[in-house]
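Order of the sequence lines sets the chain letters (A, B, ...), proteins ahead of strands, with each chain counted from 1. Keep in mind that the numbers below use all heavy atoms, side chains included, and drop hydrogens, waters and symmetry copies.
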Amino acid sequence: MSQIFHRSTNTFARITIFGAVFVLAFVTWAFTELDRSTYNTRATEAREQPVPFSHAHHVGGIGLDCRYCHTTVETSSFANIPPTKTCMNCHSQIWLTSPTLEPVRASFRENKSLDWIRVNDLPDFVYFNHSIHINKGVGCETCHGRVDKMPLTWQENSLQMEWCLNCHRHPEKFVRPREFITTMGYQPAGGQEEIGQRLVHEYNIQDARLLTSCSTCHR
Amino acid sequence: MRLKHIIFGHRLVARALVRAASTLVSTLGLISHCLRLRRSVGRAILPAAAFRRLGCLVGQDAILRPDCQSVQPDPVRPVRLSAAIALLLAALTLTACRQDMHDQPRFIPLRPSGFFEDGRSERPLIEGTVARGHLNDDLALYTGRGPDGKPLDTFPFPVTKDVVARGQERFNVYCSPCHDRTGNGDGMVVRRGYRHPPSYHTDQIRDLANGYIFDVITNGFGAMPDYAAQIPVRDRWAIVAYVRALQLSENASVNDVPAEDRSKLGGAK
């Protein structure tokens with residue numbers, strides 16, 4: 001039987017074997033990037049809601065505080081979505097005839113919940129708690145972005161473990177005084193590093209070793 | 001010589017090719033398995049309803065997974081090529097698209113339930129339920145009324161600086177949209193057409209009893225909605241204290257300023 005492959009295929013094979021390392025590295029890299037991509041995390045993708053509720057109108061425009069609606073955020077693990085009654089506090093008198101608000105009025109009339117579509121959603125094997133973050137000076141803006149500029153709500157950050165840890169390792173880069181918890185567009189009065197260090201001390205924020213231990217979030 | 005013979009005639013080459021292919025596929029499959037792609041893939045390829053039904057068919061019965069009936073599917077995304085390829089890879093390694101650990105069959109706040117008729121997994125308390133230690137029998141604290149049924153003009157607990165500061169914060173959150181931060185009644189919502197509330201700085205409102213203002217917050221008054229669901233009882237009293245402080249501040253005279261501080265006023269009368 002004659003020679004099937006030309007001699008040059010030897011070199012070719014060597015290059016391929018060598019190149020495979022790079023190909024594999026590239027594939028791994030590509031997948032981690034894909035994993036972080038907003039396509040996968042669905043961050044910055046505004047969701048359609050049963051009522052086109054706009055934080056831009058209500059927070060940016062009228063200047064409502066987050067806690068007017070999300071009342072449990074300081075005391076509980078989760079931030080409640082306001083009941084229809086809260087909407088009716090105002091909408092029983094203003095924009096009464098607006099057809100966009102008909103589902104809200106119907107919900108109030110018939111005592112049926114509005115079915116809002118979830119935007120931020122951690123897997124169920126992760127424990128998250130709003131109140132500890134709020135009480136230790138992590139502002140809504142740090143995690144949820146400029147909500148006051150969202151006509152429809154979207155998720156601002158990836159909510160991946162990497163993202164949580166990034167802050168749990170260095171909370172001083174993010175914390176702010178408690179009175180600015182719900183402030184949008186907060187600017188630290190001075191150097192963040194300095195203020196952060198002081199607040200970490202003042203609020204007794206735990207050690208990074210504790211905050212990054214697996215059982216803090218997977219319990 | 002035909003191509004078939006070139007490739008499969010040479011055992012070594014054939015074996016290497018097969019091994020390489022299978023390694024590649026399983027590596028990709030494994031990685032795609034680890035990625036959260038599965039969820040979005042399932043969502044992208046199947047119509048949302050079918051995806052849910054699939055989860056329910058394969059999964060537990062409907063009582064264990066009430067969300068089978070009531071989860072609000074996200075809007076279906078268009079099929080995308082990358083999603084299709086990823087699904088193919090996932091299918092090759094027989095990985096499922098179920099995300100049981102991500103969406104565990106248990107109730108957490110805000111999760112809908114197909115078990116109850118109203119779809120709420122958070123159940124309202126049955127009327128008359130009293131939690132241990134919450135028999136709200138302190139009339140003054142919970143109703144703002146004395147034993148004779150008249151609004152009290154005292155406070156049920158001592159008013160300290162902290163209480164007033166708390167009241168200020170809460171007032172600015174819950175009351176200022178209408179009454180504005182000074183209590184004049186020019187809040188943003190009023191400017192958008194809500195009925196104008198009376199200014200706090202009239203004798204009529206100044207003469208209202210503390211317990212009456214507490215009652216207005218708890219039960220509403222005329223065009224003003226009630227805030228019982230949004231503001232806990234102690235915070236309501238703190239707000240009353242702050243309303244009093246606001247009224248004092250708008251109706252103060254030089255005589256209210258301690259003598260040693262009067263020079264700082266710059267001669268204002």
Counting only heavy atoms not in B:Glu117, do more than 12 sit closer than 6.0 Å to its CD atom? no
Could you tell me which portion of A:Ala79 (side chain, backbone, both or neither) has an atom closer than 4.5 angstrom to a non-hydrogen atom of chain B? backbone
Turns out that what part of A:Phe125 lies under 4.5 Å from chain B's heavy atoms comes down to both
Interchain contact, A:Ile62 with chain B, by part (heavy-atom threshold 4.5 Å): both
So which of A:Ile94, A:Ile81, A:Val126 has the largest heavy-atom pair count under 4.5 angstrom toward chain B? A:Ile94
Is the count of non-hydrogen atoms from other residues, nucleotides or ligands lying under 6.0 Å from B:His196 atom NE2 greater than 12? yes
When the 4.5 angstrom heavy-atom criterion is applied to B:Arg191 and chain A, the contacting part is neither
Does A:Met88, at its CE atom, have more than 12 non-hydrogen atoms belonging to other residues, nucleotides or ligands within less than 6.0 Å? yes
Might you confirm whether atom NE2 of A:His201 has over 12 heavy atoms from other residues, nucleotides or ligands at distances under 6.0 Å? no
Tell me whether the count of non-hydrogen atoms from other residues, nucleotides or ligands lying under 6.0 Å of CD in A:Glu179 goes above 12. yes
Option that, when pairs with chain B are counted at under 4.5 Å, heavy atom only, ranks first among A:Asn89, A:Thr182, A:Asp65: A:Asn89
Give the intermediate values and the outcome of side-chain contact (heavy atoms from CB on, under 4.5 Å) for residues B:Val189 and A:Gln93. CA-CA 10 Å; B:Val189 180; A:Gln93 283 193 39; over 6 Å; no
With under 30° as parallel and over 60° as perpendicular, where do the rings of A:Tyr68 and B:Tyr227 fit, or are they tilted in between? perpendicular
Pair count under 4.5 Å, heavy atoms only, with chain B: among A:Leu64, A:Asn80, A:Asn111, highest is A:Asn111
Just verifying a value: how many Å separate B:Asp235 CG and A:Thr71 OG1, rounded to the nearest 0.5 Å? 11.0 Å
Which residue out of B:Met224, B:Gln230, B:Met101, B:Met188 racks up the most heavy-atom pairs below 4.5 Å with chain A? B:Gln230
A side-chain contact here means heavy atoms from C-beta on lying under 4.5 Å apart; do A:Arg178 and B:Glu169 qualify? no
Would one find more than 12 heavy atoms of other residues, nucleotides or ligands at under 6.0 Å from atom CZ of B:Phe221? no
For A:Phe12, does the CZ atom have more than 12 heavy-atom neighbours from other residues, nucleotides or ligands under 6.0 Å away? no
B:Arg120 versus chain A, heavy atoms under 4.5 Å apart: side chain, backbone, both or neither? side chain
One pair to check against side-chain contact (heavy atoms from CB on, under 4.5 Å): B:Arg170 and A:Arg67. What are the steps and the verdict? CA-CA 9 Å; B:Arg170 299 293 121 172; A:Arg67 290 166 291 186; 3.5 Å; yes
Checking the side chain of A:Lys112 only, and the main-chain atoms of B:Gly119 only, is there a donor and an acceptor separated by less than 3.5 Å? no
Any non-hydrogen side-chain atom of B:Leu110 less than 4.5 Å from a side-chain atom of A:Trp116? no
Below 4.5 Å from any heavy atom of chain A, which atoms of B:Asn172 appear? Answer side chain, backbone, both or neither. neither
Answer yes or no: are there more than 12 heavy-atom neighbours, outside B:Arg123 itself, under 6.0 Å from its atom CZ? yes
Under a 4.5 Å cut-off applied to non-hydrogen side-chain atoms, are A:Asp121 and B:His102 in contact? no
